Colleague: 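Have a look at this one.
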Protein chains: 2
Amino acid sequence: MIKDIELLKEKGLKVTPQRIAIVDLLKSYGHLSISKMYELIKEKFPSISLATIYKNLNAMVDNGFVNEVKIIGQDSRYELAKASHSHVVCKECGVMEDIMLDDSDIKDEAKKLSKFDIQSSSITFYGICQKCATS
Amino acid sequence: MIKDIELLKEKGLKVTPQRIAIVDLLKSYGHLSISKMYELIKEKFPSISLATIYKNLNAMVDNGFVNEVKIIGQDSRYELAKASHSHVVCKECGVMEDIMLDDSDIKDEAKKLSKFDIQSSSITFYGICQKCATS
DNA sequence: CTGGGTGCAAAGTATTTGCATGAAC
DNA sequence: GTTCATGCAAATACTTTGCACCCAG
């Protein structure tokens, strides 16, 4: 917790109760859409404004503190920035999981093929989770 | 051309001049955002409605005839569905290129790690294209 | 104190919908 | 002739902005 607060400060963002709540939610849920975040945060801050969430998430993204993950067929999710990783999304229930996989080979291949100076990647798999597969 | 028309028919979509124009544009440009598509298509159909583009792209996506590609920091692009491939996007000028890379290893790894029945993947790299790098 | 953050309401933008007309089959 | 597509306008959804007030530093 204290670490997050320090990080916010380092980025020049003031530490407000609303921001702490946003960070805490991202920590416990991993990834959240804006509407889900709004819904959850209102349990603690009934009077919070959607605009506050937009402004804060945008500020955190601009500071590299949070990442947006775009998904086909669903709202974007937001997550705390951390070691590069990939995602798996269930087409049925929408659940999203992080997976750590080594993308260095594929990234090298992409560099060769495209001649781009590649800086980052976004890798997302879509399928059916075990829970949905067995019900 | 005739092939596309047949494909539209097979999907149960009537072949209208507007739809042919959409498909032709996607063919020549590879990937287009909605607003770019609107801009280009108005050269041929000054009276076309944005709603027509939305409705048609949505219908084509629903039929698996067109795919949406989501990109961080830019509007989604649409492309004709074709063999699975990946994308490279320039953070500077926004240009997008297709690359064919073998993602079977990484996909197997994702299956193992996630226990999902993985059906498709979305792989996009971000960086700087050669043109922007040298200017 | 002082500057930035919050919440509200309003403005802006993006996307979808309903419907009368018109075109494809 | 029937069915579906088009284009317009209206409705809805999503996101940003302006501003008065408030709180963190």
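Just so we're clear, the structure is a prediction, and the values are computed from it rather than from any experiment. So you know, we letter chains A, B, ... as the sequences are listed, proteins then strands, and number each from 1. No hydrogens, no waters, no symmetry mates; every other heavy atom, side chains included, goes into these values.
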Colleague: For B:Lys111, does the NZ atom sit with more than 12 other heavy atoms under 6.0 Å from it, leaving out its own atoms?
Modeller: yes

Colleague: Tell me the closest heavy-atom pair linking A:Val89 and A:Gln74, and the distance in Å.
Modeller: CG1-NE2, 3.5 Å

Colleague: Please give the angle, rounded to 10 degrees, between the axes at the start and the end of the helix from C:dC1-D:dG25 to C:dC25-D:dG1, where five pairs define each axis.
Modeller: 50°

Colleague: Just how far, in rounded Å, is C1' of C:dC25 from CG of B:Leu13?
Modeller: 14 Å

Colleague: Pull out every residue in residues 55-70 of chain B that has a heavy atom closer than 4.0 Å to any atom of DNA chain D, ordered by number, or say none.
Modeller: B:Lys55, B:Asn56

Colleague: Shared ILVMFWY cluster between B:Leu26 and B:Ile71, side chains joined below 4.5 angstrom?
Modeller: no

Colleague: Using the test ring pair (Phe, Tyr, Trp, His ring centres under 6.0 Å), find all partners of B:His31 that sit at least two apart in sequence or belong to another chain.
Modeller: B:His87

Colleague: Is the number of heavy atoms from other residues, nucleotides or ligands under 6.0 Å of B:Phe45 CZ greater than 12?
Modeller: yes

Colleague: Apply side chain to side chain contact (heavy atoms under 4.5 Å, CB included) to residues B:Ile41 and B:Leu25 and explain how you reach the verdict.
Modeller: CA-CA 8 Å; B:Ile41 211 167; B:Leu25 283 174; 3.8 Å; yes

Colleague: Return the minimal non-hydrogen interatomic distance between A:Leu8 and A:Met60, and the atom names on each side.
Modeller: CD2-CE, 4.2 Å

Colleague: Output yes when at least one side-chain N/O atom of B:Tyr54 is less than 4.0 Å from OP1 or OP2 of C:dT16, else no.
Modeller: no

Colleague: Do NZ/NE/NH1/NH2 and the carboxylate oxygens of A:Asp98 and A:Lys82 come within less than 4.0 Å?
Modeller: yes

Colleague: Just verifying a value: how many Å separate B:Ser35 OG and B:Ile53 CD1, rounded to the nearest 0.5 Å?
Modeller: 9.5 Å

Colleague: Could you see if B:Leu57 belongs to whatever hydrophobic cluster contains B:Leu13? Use Ile, Leu, Val, Met, Phe, Trp, Tyr and a side-chain cutoff under 4.5 Å.
Modeller: yes

Colleague: Applying side chain to side chain donor-acceptor pair (under 3.5 Å), which residue pairs with at least one partner in residues 115-132 of chain A are found, sequence neighbours left out?
Modeller: A:Asp103-A:Ser121, A:Gln119-B:Lys91

Colleague: Give me the residues of residues 33-51 of chain B where at least one heavy atom lies under 4.0 Å from an atom of DNA chain D, by number, or none.
Modeller: B:Ser47, B:Ile48, B:Ser49, B:Ala51

Colleague: Which comes earlier along DNA chain C counting from the 5' end, the contact point of B:Asp75 or that of B:Lys9, where each point is its nearest nucleotide?
Modeller: B:Asp75

Colleague: In the structure I gave you, are the side-chain heavy atoms of B:Phe125 and B:Ile99 within less than 4.5 Å of one another anywhere?
Modeller: yes

Colleague: Pick the closest DNA chain D nucleotide for B:Lys14 and for A:Lys14 by heavy atoms, then say which residue is nearer the 5' end.
Modeller: B:Lys14

Colleague: Tell me whether A:Lys70 at atom NZ has more than 12 heavy atoms from other residues, nucleotides or ligands lying less than 6.0 Å away.
Modeller: yes

Colleague: Determine the contact category for A:Thr16: base if any of its heavy atoms lies under 4.0 Å from a base atom, sugar-phosphate if only primed atoms, P, OP1 or OP2 are that close, otherwise nothing.
Modeller: sugar-phosphate

Colleague: Nucleotide range of DNA chain D contacted by chain A, 5' to 3', under 4.0 Å to a heavy atom?
Modeller: D:dC14 to D:dG25

